[in-house]
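For reference, the structure discussed in these notes is given below.
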Protein chains: 2
Amino acid sequence: MADTINNLSRKLAPAQPLPSRVASILSQEISSGRLKPGDRLPTEHQIAESLGISRNVVREAIAQLRADGLVRARQGAGAFVMAPEERLAIRLDPTDLENIQGMEGLFELRALLEGEAARLAAMRRTDDDLAEISAALEDMRGDEKWSEGSIEADLVFHRAIARATGNAYIHTFVCFICDQIRRSIHMARYANQIEQLVEVNVGEHVVILDALKAGDPEAARVAMVNHITEAGRRIGVIFRNEQSNAAEGIAAS
Amino acid sequence: MADTINNLSRKLAPAQPLPSRVASILSQEISSGRLKPGDRLPTEHQIAESLGISRNVVREAIAQLRADGLVRARQGAGAFVMAPEERLAIRLDPTDLENIQGMEGLFELRALLEGEAARLAAMRRTDDDLAEISAALEDMRGDEKWSEGSIEADLVFHRAIARATGNAYIHTFVCFICDQIRRSIHMARYANQIEQLVEVNVGEHVVILDALKAGDPEAARVAMVNHITEAGRRIGVIFRNEQSNAAEGIAAS
DNA sequence: TGTCGTAGGGTTGTAGGACAAATTTGATTG
DNA sequence: CAATCAAATTTGTCCTACAACCCTACGACA
């Protein structure tokens with residue numbers, strides 16, 4: 001056990017703070033299965049000594065894992081790995097999103113969620129919501145500087161629609177997923193050949209906004225699913241079944 | 001500032017560990033808007049002194065917030081609240097789910113997600129998936145002891161469908177939301193008058209399974225949305241717009 | 001006057017020790 | 001053999017100290 005941890009510790013870049021690195025080590029031990037649910041972690045003393053750090057740092061690391069419901073510490077007994085179903089938080093592994101295959105699943109989920117969000121928004125949006133969404137669209141086409149302001153405006157557009165559903169949970173989840181995708185795109189530097197496609201992208205957003213204005217739920221949903229599918233395809237995501245969601249919607253219209 | 005924190009500290013039950021309680025306090029300060037993105041938190045010394053605890057505890061609390069991307073600590077400068085879009089994890093506030101109104105939103109989200117998951121599962125499920133789903137259904141109706149085994153089998157049923165989509169992200173999110181709901185129901189002790197409704201509940205599951213067997217995506221989705229809507233209504237959730245999702249699906253069938 | 005460098009105080013990061021509280025284990029005793 | 005108690009183990013909390021770093025303000029120099 002101590003050997004395993006020691007080996008892993010050498011693989012880490014000394015960039016981020018120490019407690020976070022220790023938390024990553026332990027988290028990997030768990031997700032890789034070397035520590036199974038119900039197992040007891042090494043004592044804080046052991047971890048501290050085997051990594052050559054103070055117990056204080058170890059405690060901060062375990063505090064992070066505890067916050068996620070990954071482990072549960074019982075005074076006098078030890079810290080135990082919890083079952084996956086007991087987790088209190090969702091945290092996506094960034095490494096899963098570095099390849100295109102990993103992105104496919106996230107885009108599929110995003111299309112589902114945002115498509116339905118657009119449908120609800122079409123039924124419930126207030127005039128204030130519409131104003132905010134329209135403003136974001138203006139920012140998108142107005143700014144020529146695609147790199148910064150326009151991408152941000154794009155996100156504001158999507159978030160505003162999610163908020164217009166009136167459902168705080170939908171808003172939270174949509175924000176989360178969108179940002180995961182944005183971060184991945186930034187890191188993977190996919191955003192190269194996109195610049196000349198601004199008109200296409202803006203055009204897709206216009207269709208969504210029109211459907212929202214008209215209060216047409218199904219049209220809004222189809223437009224959103226189509227937009228997200230195309231956006232994914234633009235950065236190279238290949239969908240396994242031609243996004244039956246959009247196909248159905250179009251066929252039914 | 002110190003006064004605000006002091007007041008909040010009195011409201012907390014002394015049940016859970018100290019660092020978690022401090023993290024909750026700070027987290028509430030942020031989500032309530034008293035601490036806005038970009039603001040600097042009080043120094044660790046100030047927090048420790050104003051709550052009458054050691055700096056160590058404060059540091060563990062901040063470590064939890066840092067893990068979620070809620071705050072970002074810079075050595076020598078301080079800890080700063082991050083923008084909501086930068087969050088690294090989703091964690092639902094349990095207090096939001098203690099009332100029925102809070103549950104409505106979560107059930108709506110669940111119906112969306114699981115409905116679409118059932119649709120995808122109908123297209124992609126393997127025979128192994130079907131076997132697992134069927135087995136869960138048998139466990140549900142077999143065990144007479146509703147309180148324990150049957151509830152767990154119910155969850156297994158839903159998780160198996162989510163896994164049958166072949167999309168790990170959908171599976172993760174569905175598991176997370178289902179468990180939030182289960183935990184809330186347990187805590188709120190709603191699970192009283194449900195016992196006599198086992199046949200109804202099982203019946204709804206049978207409809208879902210039949211649609212999955214038949215490979216009928218739209219029927220699976222409608223059955224799932226209907227089931228979740230009814231399940232919510234059984235524990236007292238009132239949906240604001242008669243769950244247009246189900247209505248549409250039925251009308252279109 | 002303006003600009004640069006530096007010194008100082010303040011803040012987080014890490015280390016290490018001490019004791020309390022709780023649990024587990026094992027030994028002792030009836 | 002069973003119950004009880006004592007000791008060792010482990011986490012929880014507190015304390016002090018210092019290093020690393022940030023920010024500001026003051027002063028030296030051009």
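Throughout, a chain's letter reflects where its sequence line sits, starting with A, and its residues are numbered from 1.
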query: Separation of B/E49 atom CD from D/dT16 atom P, in whole Å?
result: 12 Å

query: Yes or no on ring-ring contact (aromatic ring centres under 6.0 Å, His included) for B/H158 and B/H205, after CA distance, side-chain angles and deciding distance?
result: CA-CA 9 Å; B/H158 286 267; B/H205 285 78; 5.3 Å; yes

Whole-Å distance separating the CD atom of A/Q75 from the C1' atom of C/dA20: 8 Å

- request: Using only side-chain N and O atoms of A/S54, determine if any of them is under 4.0 Å from OP1 or OP2 of C/dA15.
  value: yes

field: Candidate nucleotides C/dT14, C/dT24, D/dC14, ranked by approach to the side chain of A/V57 - the nearest
entry: C/dT14

query: Atom CG in B/N56, atom CD in B/E44: separation rounded to 0.5 Å?
result: 9.5 Å

query: For the base of C/dT14, is there a side-chain donor-acceptor partner from B/R55 under 3.5 Å away?
result: yes

- prompt: Within this structure, what is the CZ-to-C1' distance between A/R72 and C/dT23, rounded to whole angstrom?
  reply: 14 Å

- line: A/N56 CG to C/dG17 P, in whole Å, measures 12 Å

message: Looking at A/R74, I'd like to know whether one of its side-chain N or O atoms comes within less than 4.0 Å of OP1 or OP2 on C/dT24.
response: yes

- prompt: What does A/I62 touch in the nucleic acid at a heavy-atom separation under 4.0 angstrom: a base, only the sugar-phosphate, or nothing?
  reply: nothing

field: Protein-nucleotide distance (B/F80, atom CZ; D/dC22, atom P), rounded to Å
entry: 11 Å

message: Please report the distance, rounded to the nearest Å, between CD in A/Q46 and C1' in D/dT9.
response: 11 Å

message: A side-chain contact here means heavy atoms from C-beta on lying under 4.5 Å apart; do B/I170 and A/L112 qualify?
response: yes

- prompt: OP1 or OP2 of D/dG12 sitting under 4.0 Å from any side-chain N/O of A/R59?
  reply: yes

message: Just to verify, which of A/V156, A/I133, A/V174 counts as forming a side chain to side chain contact (heavy atoms under 4.5 Å, CB included) with A/I161?
response: A/I133

- prompt: Given side chains that start at C-beta, do those of A/R66 and B/E60 come closer than 4.5 Å, heavy atoms only?
  reply: yes

- prompt: Is B/R21 near enough to D/dG12 that one of its side-chain N or O atoms lies under 4.0 angstrom from OP1 or OP2?
  reply: no

field: Atom pair distance, as rounded to whole Å: CD1 in B/I53 and P in D/dG12
entry: 15 Å

field: Whole angstrom value for the distance that separates C1' of C/dA22 from CD of A/E44
entry: 14 Å

